[in-house]
Structure formats: structure tokens, C-alpha cells
Amino acid sequence: MTTSPAQPGPRVDPRRCHEAAEDGLGPIARHRPVCLYLETTNRCNLLCTSCPRTYETLEPPADLSWELFTRIVDQIPDIARVVLHGVGEPMLVKDLPRMIRYLKDRGAYVLFNTNGTLLTARKGRALADAGLDELRVSLDAADAATFLLVRGKDYFHRIVRNVRAFTAAQAREGHDRPRVSLWLTGLKETVAQLPAFVRVADDIGVKEVYLQRMVFFDQEAIGLARPDQALFERLTREEAGHLAAAEALAASLGITFNASGATDPETSLQKAGEASPWSLCRRPWTVMYFTANGRALPCCIAPFSQRGYQNYTLGDATQETLREIWNGAPYQAFRAALHSDAPPSSCANCGLRWSL
């Protein structure tokens with residue numbers, strides 16, 4: 001059911017969507033979520049070696065329907081921030097620009113990650129005209145051979161060409177939105193490429209680079225999403241040198257080089273330091289994540305941390321209202337466990353510092 005745009009209420013700073021007021025962290029959330037993750041599709045045109053969907057079916061293939069999209073969005077008309085991705089490639093979805101415009105009409109800050117393979121001039125124009133705020137391109141390599149290794153298909157040059165054309169059009173027309181950034185998942189196979197990755201960004205006109213810490217299955221690891229391939233808590237002196245070189249190069253080129261979660265890359269790869277780091281997470285009090293089929297999950301990291309959506313499903317947006325889900329029994333139990341010595345299995349290995 002589609003309704004006319006509601007008048008926006010007081011805005012919440014979208015950069016703080018991952019935080020919550022410290023006085024409201026009990027099993028019952030006192031405030032509505034300020035951020036939505038909407039998996040616009042669980043289909044993808046790549047076969048990334050660090051992604052669980054490459055190896056197993058997580059849910060039946062689906063795109064988020066317009067009816068379900070509006071049903072969810074209309075229940076939080078003053079939502080501050082909406083992220084339009086999950087385990088699939090958003091640009092496969094025909095209604096994506098329409099969804100962006102619908103959200104922008106409600107005053108939301110809108111972004112999504114893409115692999116960039118489908119960023120044609122026509123689709124890029126549609127995204128810009130819809131008012132997209134951020135376009136995050138997950139390139140994950142500095143050359144074609146490494147890209148093929150970690151992403152499963154030979155699309156490196158296509159993506160570079162697409163992003164270069166998009167940023168050139170922005171510069172030519174004087175547009176500063178959407179902000180474009182390049183992302184690299186930190187793997188043992190790619191850490192040495194960090195300086196070259198910064199140079200690729202500079203060459204194609206991108207002024208923001210991010211190092212994304214890889215999530216892995218602690219048990220029954222699959223593909224490259226396993227502990228021995230991760231940099232988290234395992235950064236060697238040589239690898240730290242590659243990281244420092246990339247940071248210095250980025251500074252000299254006027255490129256912002258950060259990690260996800262509003263932190264610098266080195267900090268992102270270090271252990272949080274607390275005995276129970278999962279207890280610091282605020283997402284179950286600030287964020288709602290819905291799959292393309294309407295399943296409510298605690299966050300976008302859960303599918304990468306533990307096999308089986310049934311282990312951390314908190315509701316169904318096709319059958320329940322968001323109010324019923326948000327403070328229903330599964331959500332309350334999940335929040336309580338997060339503040340205990342026995343956290344949900346999907347949270348035990350999460351280091352907290354993830355994308356904003």
C-alpha cells in the first residue's frame with residue numbers, strides 16, 4: 001500500500017545511526033529505529049569468494065517488491081537513513097531509482113553498495129536524478145587478475161571504465177551527489193595492493209577509499225571467508241607497512257582513506273579490547289534489516305557470521321508490523337543476550353566497527 005509522503009519530523013544525524021542513547025539499552029527499545037537496511041535483491045551477477053551466497057542458497061531468489069518496500073518505509077515516515085543493499089547487487093533491481101526518490105521525498109539519507117558492473121551512463125543518470133546521496137563501489141582489487149581471484153568474474157576493467165565515466169560526468173556537470181567511494185575487503189590476498197588501489201581511485205576520479213574488514217564463519221568456513229584469510233587481529237608488520245603506505249599516498253593525493261564504522265583502517269583491524277566486545281553493539285536498538293523476502297535480521301553482518309537465517313530471524317514484515325517486530329519476544333531476547341556472557345552466535349565474532 002502506497003501513501004503520500006509524510007511531512008518529515010525532526011531529523012536524526014544519519015552519521016550516528018549506529019549509536020543509541022545509553023539510557024535505553026534494555027530488552028525493550030525505547031525509540032524507533034533511525035536506520036533501515038532494505039535488501040533490494042538477493043540476486044547477484046558475481047561469485048565473490050568471501051560471500052556466503054556464492055556457496056549456498058540463503059533464501060529463495062527475490063527482489064524486494066514495491067508493495068513490501070512501501071509497507072516497510074511507510075511505517076517509519078521520519079526514518080533518517082536507508083541503506084538499499086544486502087547480499088545481492090542492487091543495480092539488478094528495476095525499481096531502484098523509484099525507491100530512492102520515494103525515500104528522498106521523505107527526507108531520508110540514502111545509499112547503497114554496488115559492484116559497479118551495471119553502472120551504465122543511463123543507470124547512473126537515473127540514480128543521480130533520483131537524489132542518491134552515496135554510491136559505494138566494492139571493487140576489492142587493484143588489477144584484473146586479483147579481481148578475478150576474489151570476485152569470480154573478469155569484470156575489473158568494465159567497473160573501472162564505468163566509474164571513471166560516472167565521476168567524469170559529475171565533474172563536467174558540477175554535481176557533488178552521489179558521493180562516490182571505492183571499497184576493498186581486507187584479505188591476505190589483497191592487503192599488498194592497498195597503495196595501488198588508492199592509485200586506481202585517483203585515476204578514475206574517486207576521492208574516498210575504504211578498507212572493509214572481512215566477516216568470516218568461525219566454524220565450517222567456506223571460500224576465502226575464513227579466519228586465516230582475514231586481517232582482523234592478525235595484521236603482520238609487513239601488512240601494516242602496506243596499510244601505512246596507502247594512507248600516506250592517499251594523503252598526498254587528497255584522497256580520504258578510512259575504514260567502515262567511522263574509524264581509521266588500522267584501528268578497524270585491531271581487537272576492540274573489551275572482554276565482551278559484542279555488548280558494545282547498538283544496532284539492535286537503532287537499525288532494522290529486512291531481506292528481499294521480508295525476513296527481519298539483526299543486521300547486515302549476521303548472514304556472514306553464522307550459517308542459517310533461522311538462527312537469527314527476528315520477525316517477518318509480510319506478516320507483522322514493524323512495531324510488533326521491533327519489541328517482540330525475539331528482539332527482546334536478542335537484546336538481552338547481547339548484554340550477557342552468552343551472546344547470540346551471530347554476534348560473538350563481530351568486532352563492532354562496521355559501515356555506517
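Between H339 and W285, the gap from one ring centroid to the other is short of 6.0 Å.
Annotation: cation-pi geometry satisfied between R106 and Y102 (NZ/CZ under 6.0 angstrom from ring centroid, within 45° of ring axis). With W326 as the aromatic partner, R335 meets the cation-pi criteria of under 6.0 angstrom to the ring centre and within 45 degrees of the ring axis.
In this structure a side-chain-to-backbone donor-acceptor pair under 3.5 Å is missing from H242 to V191.
Of all the heavy atoms in G124 and L119, the pair that sits closest is CA-CD1, 3.9 Å. The minimum heavy-atom distance between T291 and L64, with the atom names listed, is O-CD1, 4.1 Å. Considering all non-hydrogen atoms of both residues, L118 and N162 come closest at N-ND2, 4.3 Å. Across all non-hydrogen atoms, the minimal contact from L135 to L127 is CD1-CD1, 4.3 Å. Among all heavy-atom pairs drawn from G86 and Y289, the shortest one is CA-OH, 3.3 Å. Of all non-hydrogen atoms in A292 and L68, the two that sit nearest each other are O-CD2, 4.0 Å.
We find that D203 and R164 are joined by a salt bridge, their nearest charged nitrogen and carboxylate oxygen being less than 4.0 Å apart. Salt bridge D105/R101: present, at least one basic N to carboxylate O contact under 4.0 Å. Electrostatic pairing of E208 and R179 counts as a salt bridge here, judged by a charged N lying under 4.0 Å from a carboxylate O. For the pair R32 and D78, the salt-bridge criterion is met [side-chain N within less than 4.0 Å of a carboxylate O].
Sorted by first then second residue, the ring-ring contact (aromatic ring centres under 6.0 Å, His included) pairs that include residues 305-325, not counting sequence neighbours, are Y309-Y312.
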Only distances under 3.5 Å count here; give the side-chain donor-acceptor pairs of residues 295-302 to other protein atoms, sequence neighbours excluded, each with its distance to 0.1 Å.
residue	atom	partner	partner atom	Å
R295	NE	E59	OE2	2.8
R295	NH1	T313	OG1	2.7

